Amino acid sequence: MTEIAVSLAGIAVLVLVSWFLGALRTAKVTQEAAAERLAFDEPDFAQGDWLVGTDGISAAAVSADGAEGALVFVIGDGLGTRRFRRGGVAVERSGAILAFKTSEPSLPKVRVSAPDEATAARWVLTLAEPRL
Amino acid sequence: MEFPDVVTIAVPIFVLLVLVELAAWRITGRGAYETRDAAASLIMGFGSNIAPLFGGAAILSAVWTAAYEFRQFEIPNTWWALALCFVLDDLRYYWLHRIAHERRWFWATHVVHHSSQHYNLTTALRQTWTGDIVNGVLFKTPLVLIGFHPAMLAFVFGINLIYQFWIHTELIKRMGPFELLFNTPSHHRVHHATNPRYLDANYAGVFIIWDKMFGTFVPEDDAEKPRYGIIKNLGTFNPFVIAFNEWINIFKDLASARSLREVVGYTLGPPGWSPDGSRLTSAKLKARWASTHCAEPPTAATAG
């Protein structure tokens with residue numbers, strides 16, 4: 001038990017020191033940053049339109065041909081991405097908020113805040129339903 | 001036969017070096033730290049140390065004790081036996097590590113270590129909570145059967161782990177001729193990178209010569225800075241999700257498997273394997289990169 005307590009204390013010290021030195025940082029999603037990250041993760045995703053969340057924590061993109069979508073999310077001071085076929089991810093709209101349900105253990109939901117309800121509704125149509 | 005528990009002895013040194021690296025990052029701007037990422041890494045390390053206490057250590061001890069009774073050679077407790085054990089165990093580590101990247105069941109254990117988007121000394125401590133039993137039984141028992149005492153094996157692997165701690169840093173750029181034979185921060189940065197040219201390379205523990213012998217060596221290219229993490233980076237710092245995320249994904253896939261081929265593919269196939277080929281394996285990622293960058297897909301032998 002002593003060893004466990006000492007280990008946990010050591011972890012606490014290191015975490016506090018990192019925080020004190022300014023290591024607690026959160027990335028901000030801008031279109032430039034999101035596009036760059038998506039280009040690295042999915043170089044063959046031809047980026048079309050972007051919806052950058054007004055809160056800077058996420059973004060959605062549609063491919064140039066409208067067949068695919070992508071999400072960019074903040075994780076600490078970095079970004080992550082997910083790519084999906086149009087209609088492949090469930091999308092729910094609540095006002096101007098879009099909720100993409102990925103069903104992944106580490107990323108069950110990605111919320112993107114659109115500037116207004118009309119934009120959010122348009123993006124639901126853009127990404128939620130497969131094209132005929 | 002008794003050897004010191006070198007990893008436990010080294011823990012205070014690990015803590016000190018993390019503090020030094022934190023200070024160096026703040027002063028020089030080299031490397032990077034993020035508090036939540038570091039906290040997750042440290043908690044994963046803590047969990048990896050106590051996980052064996054739930055039965056894995058006892059099982060391994062029993063298996064190796066029994067296996068030692070069937071040893072093929074009487075290997076004495078001498079300096080040359082220790083050196084030979086160290087080298088062979090490092091070779092064993094290379095192959096376990098390589099399989100852990102190429103076969104999803106083993107990747108589910110190892111992916112934890114790669115799940116940070118940062119590369120610093122806390123990343124070295126981001127270790128798995130699972131896989132000790134299977135990996136230990138499958139990959140270390142042969143060395144016991146050869147004749148190396150389990151205590152000697154544990155000791156040399158402890159030395160190996162301690163060696164691998166300090167190479168998890170961006171503070172050290174290159175190390176001259178040392179890089180020819182040994183694993184170094186530069187070589188291991190390549191290993192942790194998700195840049196397609198760097199994928200599935202440099203599996204060495206201590207001796208990089210294994211990668212050069214078996215065709216998996218890729219040198220770091222100053223023109224292409226490594227980006228760390230995994231292909232689908234996690235969206236959480238929750239240590240329980242980090243520990244079990246890929247296991248959950250495997251079992252979700254198995255629940256949808258419609259044939260033995262799919263069961264085998266989802267477990268023993270490469271990470272990213274899917275029946276319809278819709279997901280991306282490392283090979284496909286490299287091929288995709290190559291289609292936009294050069295005439296032929298990069299291999300470990302040509303990516304440098």
Side-chain angles (χ1 to χ4, degrees), chain A residues 1-27 36-46 57-58 68 70-85 88 100-111, chain B residues 8 11-12 14-15 18-19 22-23 25-27 32-43 45-46 49-50 53 115-118 120-122 125 194-196 227-238 240-242 244-249 252 278 280 285 288-289 291-293:
Chain A
M1 283 304 292
T2 303
E3 287 181 3
I4 291 176
V6 169
S7 294
L8 291 174
I11 291 172
V13 166
L14 291 176
V15 171
L16 282 171
V17 170
S18 80
W19 168 77
F20 181 75
L21 292 177
L24 183 62
R25 301 172 295 163
T26 301
E36 191 279 333
R37 181 76 222 195
L38 185 61
F40 176 84
D41 287 347
E42 306 289 349
D44 60 344
F45 184 97
I57 65 171
S58 58
E68 295 183 285
L71 297 170
V72 180
F73 58 91
V74 167
I75 178 69
D77 61 346
L79 302 179
T81 62
R82 292 294 188 270
R83 177 180 184 172
F84 54 93
R85 297 208 63 78
F100 295 84
K101 296 186 177 180
T102 67
S103 74
E104 292 184 25
S106 85
L107 191 72
K109 192 181 290 187
V110 177
R111 286 192 177 86
Chain B
T8 299
V11 166
F14 292 168
V15 173
V18 169
L19 290 170
L22 269 167
W25 161 64
R26 214 58 192 102
I27 294 169
Y33 265 87
E34 202 283 329
T35 295
R36 287 160 291 185
D37 174 81
S41 294
L42 293 169
I43 292 171
F46 172 77
N49 270 317
I50 65 172
L53 302 178
S115 61
S116 172
Q117 291 196 43
H118 288 280
N120 54 52
L121 293 177
T122 63
L125 302 175
T194 57
N195 312 52
R227 294 184 82 151
Y228 308 109
I230 51 180
I231 299 305
K232 289 174 74 171
N233 284 300
L234 300 182
T236 183
F237 293 114
N238 184 319
F240 289 94
V241 177
I242 294 171
F244 298 109
N245 179 71
E246 187 60 11
W247 289 112
I248 294 171
N249 288 333
K252 285 170 70 175
S278 60
L280 294 175
L285 287 165
R288 183 177 71 174
W289 176 84
S291 69
T292 56
H293 285 81

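All of these numbers come straight from a predicted model, not from anything done at the bench. Quick note on labels: first sequence line is chain A, next is B, and so on, each numbered from 1.
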Step through the shown structure and confirm whether more than 12 heavy atoms of other residues, nucleotides or ligands are within 6.0 Å of [atom1] on [X].
| X | atom1 | value |
| --- | --- | --- |
| A/F40 | CZ | yes |
| B/K252 | NZ | yes |
| B/W247 | CH2 | yes |
| A/F84 | CZ | yes |
| B/R288 | CZ | yes |

Heavy-atom cut-off 4.5 Å, strictly under: side chain, backbone, both or neither for [X] against chain B?
| X | answer |
| --- | --- |
| A/R82 | side chain |
| A/T26 | both |
| A/R83 | side chain |
| A/L16 | neither |

Heavy-atom check, side chain of [X] versus side chain of [Y], under 4.5 Å:
| X | Y | answer |
| --- | --- | --- |
| B/H118 | A/D77 | yes |
| A/L21 | B/Y33 | no |
| B/E34 | A/S18 | no |

>> Using heavy-atom distances under 4.5 Å, tell me whether B/S278 contacts chain A through its side chain, its backbone, both, or neither.
In response: neither
> Who among B/L42, B/V11, B/I231 has the most heavy-atom pairs with chain A under 4.5 Å?
Replying inline: B/L42
>> I'd like to verify something: which residue of B/N49, B/N245, B/T122, B/V241 has the highest number of heavy-atom pairs under 4.5 Å with chain A?
In response: B/N245
At a heavy-atom distance under 4.5 Å, which candidate from [options] has the highest pair count against chain B?
| options | result |
| --- | --- |
| A/G78, A/P43, A/G80 | A/P43 |
| A/L107, A/I75, A/I4 | A/I75 |
| A/D44, A/V15, A/T81 | A/D44 |
| A/V17, A/V74, A/L14 | A/L14 |

For [Y], does its backbone N or O pair with a side-chain atom of [X] as donor and acceptor, under 3.5 Å?
| X | Y | result |
| --- | --- | --- |
| B/R26 | A/A23 | no |
| B/R227 | A/R37 | no |
| A/S106 | B/L234 | no |

With rounding to the nearest 0.5 Å, note down the distance linking [atom1] in [X] to [atom2] in [Y].
| X | Y | atom1 | atom2 | value |
| --- | --- | --- | --- | --- |
| B/T236 | A/F73 | OG1 | CZ | 10.0 Å |
| A/L79 | B/N233 | CG | CG | 9.5 Å |
| B/F46 | A/L8 | CZ | CG | 4.0 Å |

>> How close do A/R25 and B/A32 get, counting heavy atoms only, and between which atoms?
In response: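 Closest pair (atom of A/R25, atom of B/A32, distance): NH2-CB, 4.2 Å.
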> Salt bridge check: are B/K232 and A/E42 linked by an N-O gap of less than 4.0 Å?
Replying inline: no
